[in-house]
Amino acid sequence: SGKAALDVTPFDWLLARVTYKPSIRRLDFYKTQAHAEHTVVDTPAAIVQGQFPFLRKFDEADRDRQRVDLTIQLTPTETFSVTPVVGYRTDDYINSAYGLLDEVAWSAGMDIGWTPSERIAFTAGYMRELINRRQRSTDRNPQDFTDYVWVSDNIDTVDTVHASLEAALIPRVLDLVIGGSFSNAIGKVKTFNPIQPTSGTAANDL
């Protein structure tokens, strides 16, 4: 992984930062039958129910990631600040014929800070995140049903608001901090067949 950042401050009240974080992950010894090796089965036929050899667990698969984040800090006065943030990320699971293929995520939000006095500070913010994961699945025995393949788009949308108060009741002796956040998440799954299944019975092909 690596990181590059660029800060621009054309005015005293404006700071803009762009951050780029690329990363790659490679695993040379992926074992598709790791689960079957330690599973006790009653019949030899049950062994074939192990992991599909072309599937890659998403947390162990080869992956290329690109991520870009933009932060803009506006400080029109010494006591008030507004900070919009935007982020974009792509994950490409380059060797995964099945399982998780790719993931695209973006986020956008804003934080607001207000310090009416040296002893009191308020902060509030909102963030929206959208994550779209695409995965491909197939029949456990694809040699029997070569066209039993389906693709699913798993789309998660998360909205989060937060607010906090910090007060110095007795400076350098007693502080009061109150904060809270609320998140609402909606998940959708959109599944389709890249090609119409025809190798099974009419009931199976529905």
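Along the sequence shown, residues are numbered consecutively beginning with 1.
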Partner of Arg133 by side-chain hydrogen bond (donor to acceptor under 3.5 Å, both in side chains), out of Asn154, Asp156, Asp102: Asp156
Leu15, Val85, Leu14 screened by side chain to side chain contact (heavy atoms under 4.5 Å, CB included) with Gln73, the one that passes: Leu15
Any residue meeting side chain to side chain donor-acceptor pair (under 3.5 Å) with Thr157, in chain and number order, not counting sequence neighbours: none
Main-chain N/O of Ala168 paired to Arg119 side chain as donor or acceptor, under 3.5 Å: yes
Short side-chain to backbone donor-acceptor contact, Thr138 and Val149, under 3.5 Å: no
May I ask you to test the [X]-[Y] pair for a side-chain heavy-atom distance under 4.5 Å?
X: Thr19; Y: Val68; result: no
X: Gln135; Y: Leu101; result: no
X: Asp159; Y: Met127; result: no
X: Asp91; Y: Tyr93; result: yes

Does [X] have any side-chain contact (heavy atoms from CB on, under 4.5 Å) partners at least two apart in sequence or in another chain, and if so, which?
X: Phe80; result: Pro76, Thr77, Val82, Ile112, Trp114
X: Asn193; result: Trp150, Pro197
X: Arg26; result: Ile24, Asp62, Asp64, Ile94

Candidate pair Val104 and Arg134, rule side chain to side chain contact (heavy atoms under 4.5 Å, CB included), full reasoning: CA-CA 9 Å; Val104 178; Arg134 170 161 288 193; over 6 Å; no
Look up atom [atom1] in [X] and atom [atom2] in [Y], then write down how far apart they are to the nearest 0.5 Å.
X: Asn132; Y: Ile155; atom1: CG; atom2: CD1; result: 4.5 Å
X: Ile120; Y: Thr79; atom1: CD1; atom2: OG1; result: 12.5 Å
X: Lys3; Y: Arg67; atom1: NZ; atom2: CZ; result: 10.0 Å
X: Ser107; Y: Arg89; atom1: OG; atom2: CZ; result: 9.0 Å
X: Tyr148; Y: Thr198; atom1: OH; atom2: OG1; result: 8.5 Å

Tell me the closest heavy-atom pair linking [X] and [Y], and the distance in Å.
X: Gly87; Y: Asp69; result: CA-OD1, 3.5 Å
X: Pro84; Y: Ile72; result: CD-O, 2.8 Å
X: Ser183; Y: Thr160; result: OG-OG1, 2.8 Å

Salt bridge (charged side-chain N to carboxylate O under 4.0 Å, His left out) between Arg65 and Glu103, worked out: CA-CA 9 Å; Arg65 169 175 290 181; Glu103 179 174 321; 5.6 Å; no
Ser23 vs Ser1, side chain to side chain donor-acceptor pair (under 3.5 Å): CA-CA, chis, key distance, verdict: CA-CA 4 Å; Ser23 65; Ser1 63; over 6 Å; no
Enclosure of Asp7 CG (heavy-atom neighbours >12, cutoff 6.0 Å): yes
Under 3.5 Å side-chain donor-acceptor pair for Gln66 and Tyr88: no
Exercise: do Ser164 and Thr123 side chains pair donor with acceptor under 3.5 Å: yes
Whichever hydrophobic residues join Phe192 through chains of side-chain contacts under 4.5 Å: Val151
Members besides Val161 in its Ile/Leu/Val/Met/Phe/Trp/Tyr cluster (side-chain heavy atoms under 4.5 Å): Tyr126, Phe182
